[in-house]
Amino acid sequence: MEVFERYASPELKRQWLEPLLAGEIRSCFAMTEPAVASSDATNIESSIVRQGDEYVINGRKWWTSGAGDPRCKVAIFMGKTDPAAPKHKQQSMIVVPMETPGVKIIRMLSVFGYDDAPHGHGELLFENVRVPAGNLLLGEGEVSRSRRGGWARAASTIACVCSA
């Protein structure tokens, strides 16, 4: 919720933050990837590519807390918008409704042998997912700026709230 409050446009706040605050829906944060040490955002390989008035999103994420919860209606996805930019200016975050074509929950993951589905951690596939350009948070390559403004704390908040 804190990411929406700090970085979303007024339209995205109306659409997503208000129902989140009312407890009507849940959110998840899609950052971690199975092929790289993606707790460091500079290693992320998923892509967010601008095409006209939309962004096309492709990537595989896992340990996405709360994604399988039936109330989870929106994801904040982290990916690269400009792989040629300086290392800390390549990443962006974008809002992705979970019902968007191309978003698939592959499986729910167990932790130390315990299955917490559907509320636990999911592995997700984003395949040619199209969302409006207005869903981008802050701007292309601005994840490093948001981190200085409390993004890391906000991301931790998302993980804790989603898994509660």
Can Arg14 and Glu18 be counted as an ion pair, charged N to O under 4.0 angstrom? no
Whether Glu123 and Arg60 form a salt bridge (side-chain N of Lys/Arg under 4.0 Å from carboxylate O of Asp/Glu) is what I want to check.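 Yes, this pair counts.
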With the 4.5 Å side-chain cut-off for hydrophobic clustering, are Tyr7 and Met1 part of the same group?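 Cluster IDs for Tyr7 and Met1 match.
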Polar side-chain atom of [X] near backbone of [Y] as donor-acceptor pair, under 3.5 Å:
X: Ser92; Y: Gly141; value: yes
X: Lys73; Y: Pro70; value: yes
X: Asn58; Y: Asn128; value: yes
X: Gln90; Y: Pro83; value: yes
X: Glu33; Y: Glu45; value: yes
X: Thr64; Y: Ala67; value: no
X: Lys13; Y: Glu5; value: yes

Val111 vs Trp63 side-chain heavy atoms within contact, under 4.5 Å: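 They are in side-chain contact.
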Output, in order, the C-alpha distance, side-chain angles, deciding distance and verdict of side chain to side chain contact (heavy atoms under 4.5 Å, CB included) for Phe77 and Ser46. CA-CA 9 Å; Phe77 179 97; Ser46 294; 3.5 Å; yes
Of all the heavy-atom pairs spanning Val96 and Ile57, show the shortest one and how long it is. CG2-CD1, 3.5 Å
For Glu140, what residues pass the salt bridge (charged side-chain N to carboxylate O under 4.0 Å, His left out) criterion, not counting sequence neighbours?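 None.
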